[in-house]
Number of protein chains: 2
Amino acid sequence: MTKTSPEAVTAWARLMRVSRQLVERTEDALKANGLPSLAWYDVLHELAEAGEGGLRPFELIDRVLLAQYSVSRLLARLEADGLIEKLPVSDDGRGQTVRITPGGREMRRRIWAIYGASIAELMGDRLSAQELKTLAGLLGRLRAPPAND
Amino acid sequence: MTKTSPEAVTAWARLMRVSRQLVERTEDALKANGLPSLAWYDVLHELAEAGEGGLRPFELIDRVLLAQYSVSRLLARLEADGLIEKLPVSDDGRGQTVRITPGGREMRRRIWAIYGASIAELMGDRLSAQELKTLAGLLGRLRAPPAND
DNA sequence: TCTATATAGATGCAAATGCATTTATACGGA
DNA sequence: TCCGTATAAATGCATTTGCATCTATATAGA
């Protein structure tokens, strides 16, 4: 590992600050519209992508980057709101399959109306398509390597 | 506001995911070394920059991007640990000035040993100086405009 | 001067989170 | 088959957070 460069520190600081600001603004917009948080969207999005087959909670964990207990509780809330349903899985008595309900799809749409607009406003309107690609490319190079533990 | 472009969505997703991963990895490294979180570092850093004059809590709020009550509680903990001291401010009986102590400076150094190494590993080693500058520049364009409220 | 309003900072309480552990089932080997 | 270990998911409990409010002082205006 090389020494911490000023360029790395500046880029880091910007990344930390900007990501927090963007999340905060978006969460505020959702809240102002009486909608649940981004975490709910993420789960509903993954489940919508997964289709009728649904997903196992442990599959959701890597996709949404949350702790096991967070997913467990989030799913309990989503179920209580009728946005998802839990199904027993035949070949593994420990587990369950989680599937999005029509109500869940509707909620996902409603969140996206605000979330998508927020992305357009906060990113799309500030950088060109080319710049966005460059940004995504650079960020992609920062993705975590497999945790060595 | 224009329509949400695929490029904007991809860049957004990367930004969200990468920033969370980097924070998580760094927080884990700090925890593994028995050190307090990044929020503590941020406050200690700002106070160290501010020098002997210290800062008012409300000044700290914009700098570290935390809620008023978060700063209030964070400062209480830092004071309890002897890392900062609160001084009454002569011309405003409501307020106080917060100043870093020698112990606070020492703690800042110890956190930086890990934090700086984390930045070097996670950013410095993955992108060139030129790429880091490009990244910082693009992120800078995403900084929040003054909240319109 | 007196009153109304604004600002600085702290805090009570409910909800959310993190950690460790628990429960239940699966699997691999003696 | 039985036992030890691994994995899926939930949960008890302590800590932390968010929201709203509170206290105290300042400031502007009648």
Side-chain angles (χ1 to χ4, degrees), chain A residues 20 23-32 34-43 46-47 50 53-81 84-99 147 149, chain B residues 20 23-32 34-40 42-43 46-47 50 53-81 84-99 149:
Chain A
R20 286 209 291 172
V23 168
E24 191 182 351
R25 291 215 148 212
T26 305
E27 293 278 13
D28 285 352
L30 291 175
K31 202 165 296 183
L35 292 170
S37 75
L38 292 178
W40 287 43
Y41 179 84
D42 287 345
V43 168
E46 292 299 334
L47 291 177
L55 285 177
R56 299 284 300 267
F58 72 86
E59 294 177 298
L60 221 32
I61 289 173
D62 346 299
R63 285 177 167 76
V64 301
L65 214 56
L66 289 175
Q68 183 268 324
Y69 61 83
S70 300
V71 169
S72 176
R73 283 166 173 153
L74 186 42
L75 291 176
R77 287 167 204 165
L78 288 165
E79 187 183 31
D81 275 29
I84 64 161
E85 52 190 353
K86 295 179 176 180
L87 311 166
V89 43
S90 55
D91 63 337
D92 187 340
R94 295 167 301 181
Q96 53 190 270
T97 290
V98 181
R99 192 164 62 189
D149 50 21
Chain B
R20 285 209 292 170
V23 168
E24 191 182 352
R25 291 214 148 213
T26 304
E27 294 277 13
D28 285 352
L30 291 174
K31 202 166 294 183
L35 293 169
S37 75
L38 291 177
W40 285 45
D42 287 347
V43 168
E46 292 300 334
L47 292 177
L55 285 177
R56 299 286 299 267
F58 71 86
E59 295 176 298
L60 223 30
I61 289 172
D62 345 299
R63 285 177 168 75
V64 300
L65 213 55
L66 290 175
Q68 183 267 322
Y69 62 82
S70 299
V71 170
S72 176
R73 283 167 173 153
L74 186 41
L75 290 176
R77 288 168 202 167
L78 288 165
E79 187 184 31
D81 275 29
I84 64 160
E85 52 190 352
K86 295 179 176 180
L87 310 166
V89 42
S90 55
D91 63 336
D92 187 341
R94 295 167 302 182
Q96 53 192 274
T97 290
V98 180
R99 192 165 62 187
D149 50 21

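Computed from heavy atoms alone, side chains included, the values below leave out hydrogens, waters and symmetry copies. Per chain, numbering begins at 1; letters A, B, ... match sequence-line order.
- Taking each heavy atom of A:Pro57 and A:Val71 in turn, the nearest pair found is O-CG1, 4.2 Å.
- The distance from atom CD of B:Gln68 to atom P of D:dA20 is 14 Å, rounded to the nearest whole Å.
- Between the CD atom of A:Glu59 and the P atom of D:dT7 there is a distance of 16 Å, given to the nearest Å.
- Between B:Leu47 and B:Arg63, every side-chain heavy-atom pair lies at or beyond the 4.5 Å cut-off.
- Looking only at distances, a side-chain donor or acceptor of A:Arg56 sits under 3.5 Å from a matching main-chain atom of A:Gln96.
- Between the CG atom of A:Leu87 and the P atom of D:dA9 there is a distance of 13 Å, given to the nearest Å.
- Of the residues near DNA chain D, B:Asp91 and B:Ser70, the one whose nearest nucleotide (by heavy atom distance) lies more toward the 5' end is B:Ser70.
- For the pair A:Glu24 CD and D:dG18 C1', the computed distance is 13 Å after rounding to whole Å.
- The nearest whole Å value for the distance from the CD atom in A:Glu79 to the P atom in D:dA9 is 13 Å.
- In this structure, B:Arg73 reaches the bases: a heavy-atom distance under 4.0 Å links it to at least one base atom across the strands shown.
- Between the CG atom of A:Asp62 and the P atom of D:dT7 there is a distance of 14 Å, given to the nearest Å.
- For A:Glu46 against A:Leu55, the heavy-atom pair with the smallest separation is O-CD1, 4.0 Å.
- End-to-end axis angle for the helix from C:dT1-D:dA30 to C:dA30-D:dT1, using five pairs per end and rounding to 10°, comes out at 10°.
- The nearest whole Å value for the distance from the CZ atom in A:Arg56 to the C1' atom in D:dA10 is 14 Å.
- Phosphate contact (OP1/OP2 of D:dC19, side-chain N/O of A:Lys31, threshold under 4.0 Å): present.
- For A:Ile61 against A:Leu66, the heavy-atom pair with the smallest separation is CG2-O, 3.3 Å.
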Would A:Leu78 and A:Lys86 count as a side chain to side chain contact (heavy atoms under 4.5 Å, CB included) here? Give the steps.
CA-CA 10 Å; A:Leu78 288 165; A:Lys86 295 179 176 180; over 6 Å; no
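- Considering only heavy atoms from C-beta on, B:Leu74 stays 4.5 Å or farther from B:Leu60 through its side chain.
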Can A:Glu24 and A:Asp28 be said to form a side chain to side chain contact (heavy atoms under 4.5 Å, CB included), step by step?
CA-CA 6 Å; A:Glu24 191 182 351; A:Asp28 285 352; 4.1 Å; yes
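- As a whole-Å value, the separation of A:Phe58 CZ from D:dA10 P is 13 Å.
- Comparing A:Ala67 and A:Gly93, the nucleotide of DNA chain C nearest to each residue sits closer to the 5' end for A:Ala67.
- You can see that DNA chain C meets the heavy atoms of chain A within a 4.0 Å-exclusive cut from C:dT17 to C:dA26, reading 5' to 3'.
- Under the 4.5 Å side-chain criterion, counting only non-hydrogen atoms from C-beta, A:Leu30 is not in contact with A:Tyr41.
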